[in-house]
*Asks:* 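This is the structure, below, for whatever I ask next.
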Amino acid sequence: MKYWLVKSEPGAFSWDDLENAPTKTTHWDGVRNYQARNMMRDDMKQGDRVFFYHSNAEPTGIVGICEVVKDAYPDSSAFDAKDMHFDPKSTKAAPTWYMVDLRAVRRLPRVLTLAELKEVKSLGKMALLQRGSRLSVQPVTESEWNTVSALAEKPAARRAVGAK
DNA sequence: GCCAACGTTGGC
DNA sequence: GCCAACGTTGGC
């Protein structure tokens, strides 16, 4: 089993949206980056675990855990001329873009904010925390997964004097 | 709203 | 194949 992280802007699709979806499952469509596509198409498999991250949010951070319930298959939003993610170059005979199905497993006991994750030394190499990292689908190592999961069970560390 | 970082496009 | 211009991402 492998581990991943996906980003979503809660204004577009939030963790709550996922929990409220039928069977708490959604098609992870609209990915239009080749690196992210390759990971979804080639390496993401049913049963893999996925952190759900809110970007462009208040706060930004990891909010929940979901599970891959269906391996990659062609992204139908690329075929729909009315869809925001329509791509005329992607055809049903030779699809350019792929999606997986994700199901919400559980909300984390608390949000792990980007600011907090940045302060954890052992997460220094985590893809999410790399300078300029913009990939919307990222690999997470097993040790990173375990570190983040354990952190979510503890109360937030006290911030510097003056912080709220 | 600003802007740095990055990916893609297209002229040459 | 280079690289400038442009569009997007996403933190702040």
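Chain identifiers are assigned alphabetically (A, B, ...) following the order of the sequence lines, protein sequences preceding nucleic acid strands; residue numbering begins at 1 within each chain.
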*Asks:* Quick one: are A:P59 and A:V111 in side-chain contact, heavy atoms under 4.5 Å?
*Replies:* yes
*Asks:* Among pairs that include at least one residue of residues 45-64 of chain A, which meet ring pair (Phe, Tyr, Trp, His ring centres under 6.0 Å), considering only residues two or more places apart or in two chains?
*Replies:* A:W15-A:F52, A:W28-A:F52, A:F51-A:W145, A:F52-A:H54
*Asks:* So which pairs with a foot in residues 81-95 of chain A pass side-chain hydrogen bond (donor to acceptor under 3.5 Å, both in side chains), sequence neighbours left out?
*Replies:* A:D87-A:W97
*Asks:* State whether a side-chain donor-acceptor pair under 3.5 Å links A:N146 with A:S143.
*Replies:* no
*Asks:* Each nucleotide in nucleotides 5-10 of chain C should get exactly one letter: B, S or -. Can you fill that in based on protein heavy atoms under 4.0 Å?
*Replies:* ---BBB
*Asks:* Output the rounded distance in Å from CD (A:E116) to C1' (C:dG11).
*Replies:* 17 Å
*Asks:* Go through the side-chain N and O atoms of A:D16 and A:S14 and say whether any donor and acceptor fall under 3.5 Å apart.
*Replies:* no
